[in-house]
Amino acid sequence: MSLVQTSLQKLPATASGFTQFIPSHPSTRISVKFTVSCCSMSSPVTVVNGNVDVKAKERSEIRLGLPSKGRMASDTLDLLKDCQLSVRQLNPRQYVADIPQLSNVEVWFQRPKDIVKKLVSGDLDLGIVGLDTVSEYGQGNEDLILVHDELAYGDCRLSLAIPKYGIFEKINSVKELAEMPQWTAEKPLRVATGFTYLGPKFLKENGLQHVEFSTADGALEAAPAMGIADAIIDLVSSGTTLKENNLKEIEGGVLLESQAVLVASKKSLLKRKGLLDITNEVLERFEAHLRALGQFTVVANMRGSSAEEVAERILSQPSLSGLQGPTISPVFRKSDEEVKADYYAIVICVPKKLLYKSVQQLRAIGGSGVLVSPLTYIFDEETPRWREFLLKVGL
């Protein structure tokens with residue numbers, strides 16, 4: 001067997017992580033083989049001489065994207081913990097974790113905007129982010145399905161703000177802003193914002209044709225004072241920062257009311273085994289916990305001749321009707337060597353904001369020994385949001 005010695009000429013790499021070698025002898029042929037890792041595949045893709053071997057099977061794990069930093073991240077972990085879905089992260093520097101109560105689910109910590117992008121690409125199946133992030137980076141993509149649109153944290157609004165002074169002093173609405181004669185093609189309204197999709201869309205829909213946008217991520221409130229923008233479009237919580245920088249919101253200037261939402265990929269829901277069941281469980285836990293947040297359980301004793309007579313007294317008070325009505329049961333006590341049931345225990349759920357009023361009404365109709373305790377969950381026969389969700393998915 002003859003040996004052919006080939007000298008190779010080394011050229012600069014044409015792709016990250018690879019070095020290309022070209023033989024100096026024209027008749028020599030070299031087979032090049034390398035592997036490429038792909039986020040949405042559970043196995044690597046093999047490429048031989050430019051031909052892709054697509055034998056890699058689709059991943060089976062369900063991926064949930066969570067914010068990696070900031071207040072949204074900590075509030076999200078708190079919600080999951082309150083719903084008995086604590087995230088287990090063995091190393092705080094790792095971006096992958098799990099939830100022991102949910103089998104076959106991987107948790108991926110990502111930037112909020114990357115969660116939305118990876119839901120669209122199919123690299124994530126579920127995600128929790130702000131509605132503003134879904135709207136900005138999802139850009140109306142029909143593959144993004146809102147599973148739960150009110151997770152009760154991360155509240156803010158995306159709003160247009162202008163200076164309180166100068167030419168804007170008497171401008172108090174978007175309509176008035178659009179009618180200002182100052183804005184021309186040569187001298188457009190300058191708007192600083194990080195929302196490069198929602199911002200232009202909103203202003204165009206409101207009649208502002210001559211607008212120039214500059215992009216920025218933080219400290220937008222300083223832009224008008226520095227003279228680099230006439231207005232800003234940014235997230236507002238309390239509005240205090242705007243006031244401290246002599247800015248004001250105007251009528252019709254709110255682009256979006258936002259809070260944390262649970263969002264899913266429609267494509268994943270239709271093809272990923274087990275994803276519908278996981279989504280249903282997460283939704284039910286969220287709904288049960290969030291509904292219970294606004295309620296207290298109230299227990300009291302009340303003297304009466306019968307359960308029906310006690311029920312009539314309770315239902316005469318508007319704050320004591322409970323979820324479906326009061327639960328009433330006899331209280332047995334021993335008096336003069338005789339067991340009697342002349343007291344009844346009542347159990348009702350009352351809204352937190354009506355708690356004291358409800359206790360007063362109970363006392364007024366003979367209630368005593370009133371006990372109050374917070375609720376953790378209220379599970380319905382079926383959460384209404386589940387039916388709405390299935391209709392969105394087309395199931």
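Heavy-atom basis, side chains included; hydrogens, waters and symmetry copies ignored.
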Tell me whether Val129 is reachable from Ile62 by hopping between hydrophobic residues (I, L, V, M, F, W, Y) whose side-chain heavy atoms are closer than 4.5 Å. no
Any donor-acceptor pair under 3.5 Å from Arg157 side chain to Ser237 backbone: yes
If you compare all heavy atoms of Lys117 against all heavy atoms of Tyr137, which two are closest, and at what distance to 0.1 Å? CE-CD2, 3.9 Å
Between Val393 and Leu270 the two heavy atoms that sit nearest each other are CG1-CD2, 3.8 Å
After noting the C-alpha distance and the side-chain angles of Arg387 and Glu382, does the key distance pass the salt bridge (charged side-chain N to carboxylate O under 4.0 Å, His left out) rule? CA-CA 8 Å; Arg387 284 286 156 205; Glu382 181 183 73; 3.0 Å; yes
Would you sort out whether Ile233 and Leu203 count as a side chain to side chain contact (heavy atoms under 4.5 Å, CB included), showing the intermediate values? CA-CA 10 Å; Ile233 293 177; Leu203 292 181; 4.3 Å; yes
Looking at residues at least two apart in the chain, or sitting in another chain, which of them share a salt bridge (charged side-chain N to carboxylate O under 4.0 Å, His left out) with Arg93? none
Verdict with supporting geometry, Lys392 and Glu388, salt bridge (charged side-chain N to carboxylate O under 4.0 Å, His left out): CA-CA 6 Å; Lys392 292 178 186 176; Glu388 296 171 9; 5.6 Å; no
Can you see which heavy atom on Val350 is nearest to which on Val298, and at what distance? CG2-CG2, 3.6 Å
Rounded to the nearest 0.5 angstrom, the CG-NZ distance for Leu395 and Lys266 is 8.5 Å
Measure across Ala152 and Asp155 and return the closest heavy-atom pair with its distance rounded to 0.1 Å. C-OD1, 4.0 Å
Return the orientation label for the His148 and Phe286 ring planes: parallel under 30°, perpendicular over 60°, tilted otherwise. perpendicular
Heavy atoms only: give me the nearest Leu276-Trp386 pair and the separation to one decimal. O-CH2, 3.5 Å
Residue pair Leu66 / Thr76: nearest heavy atoms and the distance that separates them: CD2-CG2, 3.8 Å
Can you list the steps and then say if Gln110 with Ser68 is a side chain to side chain contact (heavy atoms under 4.5 Å, CB included)? CA-CA 5 Å; Gln110 301 283 295; Ser68 56; 5.8 Å; no
Could you give the distance from NZ (Lys201) to OG (Ser135), rounded to the nearest 0.5 Å? 9.0 Å
Hey, are Glu251 and Ser173 close enough side-chain-wise for a donor-acceptor pair under 3.5 Å? no
Sort and list the pairs that fulfil salt bridge (charged side-chain N to carboxylate O under 4.0 Å, His left out) and have at least one residue in residues 128-149, not counting sequence neighbours. Asp143-Lys267, Asp149-Arg385
Residues in salt bridge (charged side-chain N to carboxylate O under 4.0 Å, His left out) with Lys271, at least two apart? Glu58
